[in-house]
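These notes are about the structure you will find just below.
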Amino acid sequence: MEKQIEQLMEMGATRGQARAALQQHKDVMEAAERIFEGKFDNLPDDDDAQMVVESSTATKRPRMATPDDDEDEEMEDDGEAEDFVDYDSDDDSMPVDANSKNNADVDPYSGIFFSKDRREEVIEVEEDSQTTTIAGSEAPVKLMMQGEWMKGCPEGSEQSFLFGLYSELTEGICQCPDCGMAVPRNKSDFFAIFPEFSSFIQHLLTIVRKTCQGCKKPFCFACGESINADKVHRPSAAQDDNPLFHCSNLQGVILGVGLFMLEQMFVEQSQNDTESKPRSNKRRKTTPLSSMTSTPSKDADDDEPYFPTHLAKGGIGYAGNLKEDNSGQIEAMALQHAKDEKIGNLLASIREYLPNLHRPGGGQTSDFLVHPTALAHLRRRFNNVCSALLRNDSLADMSDRRVLYFELLEWLGTISSHEALASMMAMPIMAVVSVKVVTPKKTSKSSSHIRERMIVYEGSASPRELLEGIAIQAQAAMKGLEGMKPADDGPKELTEEEKRMTIDHKGKSKESTTVVSEENQALINFCRRILSTTTAIDRSLRDTKGDAFVERLHASLPRLFTSSQPGAYVDAGDTEESAKKAYVEWAKNTRFEYCDLTIPGSWSEDDPESTPQYKFYYNQEARNLANMDIPKRSLAIAKELAILTANLPVAWDSSIFLRVDETRVDVIKALITGPEGTPYYNGCYLFDIFLVQRYNDAPPHVKYMTTGGGKFRFNPNLYADGKVCLSLLGTWQGPGWVAGKSTLLQVLISIQSMILCEEPYLNEPGWANSAGTPQSHAYSGNVRRMVVKTAMLENLKNPPEPFEDVIRTHYRLKARSIKKQLDQWLAQDDGKTTTPDGGGYGGERVVGGSNNGFKADVEELKKLLDTL
């Protein structure tokens, strides 16, 4: 037993823990796993124990062990080990969930601190690459070095297990368990990186099952245990005899090498994309894929508020005379599909070796005993790829790339269904934020160099949190596709048969009375699969972590609100910085909501022929299309809603809020807050929007509603009768709506940045070259007076539905800033009377500027702001 105790101590256990674990579990690996799970954490060490082992817990600067460490001086301990509060603690001060009292027995991460605030500094080792020649391979094969094997942010005792398995399978000998004959192991046996994953698997099949030359009995080359064909199987275990499922050692190696190959392929493709074309379209800020290897990046989880550049000078600027260049689009799509298919196929090949208790034919030995290194590689490598894919902010793009995203969902479903892996779905992904190269050193054993890098990792969104953003888009798309259909009971977990049906790219499903187009059905299947995967993950987390954990997780996830859900009070704080932070967070949570836009009592629920009336300029058009099923339009609206839920721009400077009728998703109201640096700043401008019968072959109808009852014309392109002049809408000259490509989001941002601009005088074609003239300044002054009277004061006194809470919160959070703005506007006012038609440059000047009503409006608005 003494030798086994020493082995466990080398992995990071104390002598007392090793002895107690071996008394209960004779197998060293099983004892190690129980220690890894924390089952023996509270045992004191023996008094005479001499601990000569590097700490493997996650300290301030964990250092990876290397074969040459014995030649180097020990790193000095900086003594700054972080105290992590256990998020999942079963301390007496916290309520204990009955479902989670035995979680430590199944959840390897039961004692891990789940927080995105976590930060780790890790020294990683990079060695010179090595190659070898393997029989059957035409070219030299690269070997996976120890630094590559152990790369990533450590958790718990992962480093010890990674080092132990790598050392076991690359050095020394494997003895026959029956006669003791020794077979030498080499690095090329288990850590050869072939060009194809299938070649690696074939190579393992040729070496893993050895026949002893002495006793002629078979044994496993990976774990050294005998292979007994007459062994007793678990009732649910597979009856076939695949040698690659014999032991957890093989599982750890196959997943480690396979995920390394996946990561390398993914990074290579991403770098090629970055080099081949500049990035021009705004996307949510993400972690650069190359950060998986060396490139530093900011925290990918933080959404930086996006605000479009204003058109400051030069006229209307509705895309000018430029036209979109669509050349090469088909080739680019084909190339993307080929890349997705390649990664999807590799994912599918590796997934066969994931621990899976529901494997067709029954679970294998390695499915029941998950190797700690498999957990480490899934958390470090797969999560990086998963994070990059789930940060895609376009459901339509993901649906078009189903060949890859269906396979990703298969992975998430398989991982979440295993009790030892499920908690990974809620663990923050540790992303690289900085890299610092340490002075290289040369070993004395050879001419190879070992380079050290200081990697700083920070917590970012977990896979479950990232999936929630996509689930919100999927729910919006389903709502758009279902139209007036009654809502179902919510997403249900799919059966294995139903999952196979959703992968059918033809969109085939069970026959129903409603004819659904092939493209619509494909999107429906994809959305259902997303929602069923989130349901399955939550169910597994409840089983392994308990109800309380899942409730805390849900409270932190992004979500859509409805008008029936009262918003929590948002405190602006005492400084402008705190107000800005609170404002952006509030705006992100409320920018898109469903609400009831019908007129109460205008229809009867008992009369199926009754059609509701809407509080909406295009009420009659909406009623005319009631109950009409237009598949192409439904698909366009579904994709549009998915885009809008995640991409409406919000910022302290200017934001866009949308309210969509909960039963008629083509009935929409928008509120845009005026951009900073313009005479529209901080005003609230409302628009009624209807997605017409031919949408999106034809543009939506948009009506401007903040006109003071049809009195004020705020801009040459915003008429007092509500007409919006924009080439995208077909109401102005220039490049117009592109069928199937243009979006409502483009319309909204065009209004925000191009109509609500710095010098609105220039939006009139005849005045486009008058930037900075007295006439332009006078026009802007006239606009400011109209804005204060109508877009600010009137909206605050009588906030229009359904934006009452948005308007009041907007002005309350920005009250201090707006009062300063009003003082500046009052000082800049030229004293002229307000001209409702917008021609402020022609108004009469009032001496002193005190009798044109502007000062009185400003004072009244300030008093209202003080009462909020």
Side-chain angles (χ1 to χ4, degrees), residues 129-145 148-149 151-152 162 165-166 169-170 187-209 221-222 242-272 289 292-293 337-356 359-360 364 366-367 370-371 373-386 388-389 403-412 414-415:
S129 61
Q130 296 179 8
T131 59
T132 188
T133 302
I134 295 179
S137 178
E138 298 179 357
V141 176
K142 180 183 175 182
L143 296 177
M144 188 176 190
M145 306 303 291
E148 295 171 321
W149 170 256
K151 182 177 74 69
L162 287 166
L165 183 60
Y166 190 88
L169 298 183
T170 57
K187 192 177 295 184
S188 59
D189 292 330
F190 294 98
F191 295 95
I193 307 300
F194 289 83
E196 301 291 337
F197 181 70
S198 57
S199 301
F200 173 66
I201 294 299
Q202 289 301 316
H203 166 70
L204 290 182
L205 286 171
T206 62
I207 67 164
V208 72
R209 182 166 290 181
F221 192 41
N242 188 330
L244 297 186
F245 293 101
H246 176 265
C247 63
S248 60
N249 278 5
L250 277 169
Q251 175 196 76
V253 167
I254 292 174
L255 287 178
V257 173
L259 289 172
F260 172 79
M261 296 172 68
L262 171 71
E263 189 179 51
Q264 294 299 306
M265 178 188 294
F266 201 63
V267 170
E268 181 182 345
Q269 289 191 5
S270 303
Q271 290 175 339
N272 290 341
L289 299 173
M292 298 177 194
T293 53
H337 180 79
K339 291 180 178 180
D340 290 344
E341 192 170 35
K342 187 175 181 180
I343 293 180
N345 289 339
L346 179 55
L347 277 168
S349 299
I350 301 172
R351 180 167 53 85
E352 182 180 350
Y353 300 94
L354 269 181
N356 184 2
R359 189 182 303 279
Q364 299 279 359
S366 58
D367 292 328
V370 180
H371 200 282
T373 60
L375 293 165
H377 286 300
L378 284 169
R379 193 180 60 79
R380 301 180 187 197
R381 301 185 188 276
F382 170 72
N383 273 358
N384 280 335
V385 176
C386 172
L389 291 174
V403 66
L404 173 58
Y405 277 92
F406 266 126
E407 182 56 40
L408 176 64
L409 294 174
E410 285 282 346
W411 269 74
L412 296 177
T414 302
I415 291 173

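All values below were derived from every heavy atom in this structure, side-chain atoms included, with hydrogens, water molecules and symmetry-related copies excluded.
Side-chain contact between I201 and L244: present, with at least one pair of heavy atoms (C-beta onward) separated by less than 4.5 Å. Two residues are said to be in side-chain contact when any heavy atoms from C-beta on lie closer than 4.5 Å; L378 and W411 meet this criterion.
Rounding to the nearest 0.5 Å gives a distance of 10.0 Å between CD1 of I134 and OG of S199. With rounding to the nearest 0.5 Å, the separation of CG in L354 from CZ in F382 is 8.0 Å. Considering CG of L347 and CE of M265, their distance stands at 9.0 Å, rounded to 0.5 Å. With values rounded to the nearest 0.5 angstrom, S188 atom OG is found 7.5 Å from I207 atom CD1. Atom CE in M145 sits 11.0 Å away from atom CD1 in I193 (nearest 0.5 Å). Atoms CZ and CD1, from R351 and I415 in turn, are 10.5 Å apart once rounded to the nearest 0.5 Å.
K142 has a carboxylate O that lies under 4.0 Å from a charged side-chain N of E148, or vice versa, which qualifies the two as a salt bridge.
Residues passing the side-chain contact (heavy atoms from CB on, under 4.5 Å) test with Q202, sequence neighbours excluded: L205.
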**Message:** Before you tell me yes or no, could you show the steps for N384 and F266 under side chain to side chain contact (heavy atoms under 4.5 Å, CB included), namely the whole-Å CA-CA distance, both residues' side-chain angles and the distance that decides it to 0.1 Å?
**Reply:** CA-CA 10 Å; N384 280 335; F266 201 63; over 6 Å; no
**Request:** Decide yes or no on side chain to side chain contact (heavy atoms under 4.5 Å, CB included) for E263 and K151, but give the supporting numbers first.
**Result:** CA-CA 12 Å; E263 189 179 51; K151 182 177 74 69; 3.6 Å; yes
**Request:** For side chain to side chain contact (heavy atoms under 4.5 Å, CB included), just list the numbers for L250 and F190, CA-CA rounded to whole Å, side-chain angles, deciding distance to a tenth of an Å, and then say yes or no.
**Result:** CA-CA 9 Å; L250 277 169; F190 294 98; 4.1 Å; yes
**Prompt:** Passes side chain to side chain contact (heavy atoms under 4.5 Å, CB included), Q130 versus K187? Steps please.
**Reply:** CA-CA 10 Å; Q130 296 179 8; K187 192 177 295 184; 3.9 Å; yes
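Of the possible polar contacts, none joining the Y353 side chain to the F245 backbone as a donor-acceptor pair under 3.5 Å is found. Side-chain atoms of N356 do not come within 3.5 Å of backbone N or O of E352 as any donor-acceptor pair. In this structure, D367 contributes its side chain and Q364 its backbone to a donor-acceptor pair below 3.5 Å. Judged by distance alone, with hydrogens and angles left aside, the side-chain atoms of N249 form a donor-acceptor pair with the main-chain N or O of A222 at under 3.5 Å. No donor-acceptor distance shorter than 3.5 angstrom exists from the side chain of W149 to the backbone of M144, with no hydrogens or angles considered.
For the residue pair L412 and C386, the shortest heavy atom distance occurs at CD2-SG, 3.9 Å. In plain terms, the two heavy atoms of Q251 and A374 that are nearest each other are OE1-CB, 3.7 Å. Summarising the geometry of L346 relative to L262, their closest heavy-atom pair is CD2-CA, 3.6 Å, with the distance given to 0.1 Å. Of all heavy-atom pairs between A192 and L143, the closest is CA-CD2, 4.1 Å. Here the closest heavy-atom approach between residue M261 and residue F194 is recorded as CE-O, 3.2 Å. What you find for L162 and A376 is that their closest heavy atoms are CD1-CB, 4.2 Å.
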Give the table of side-chain donor-acceptor pairs shorter than 3.5 Å for residues 253-260, with sequence neighbours excluded, one pair per line with atom names and distance.
none

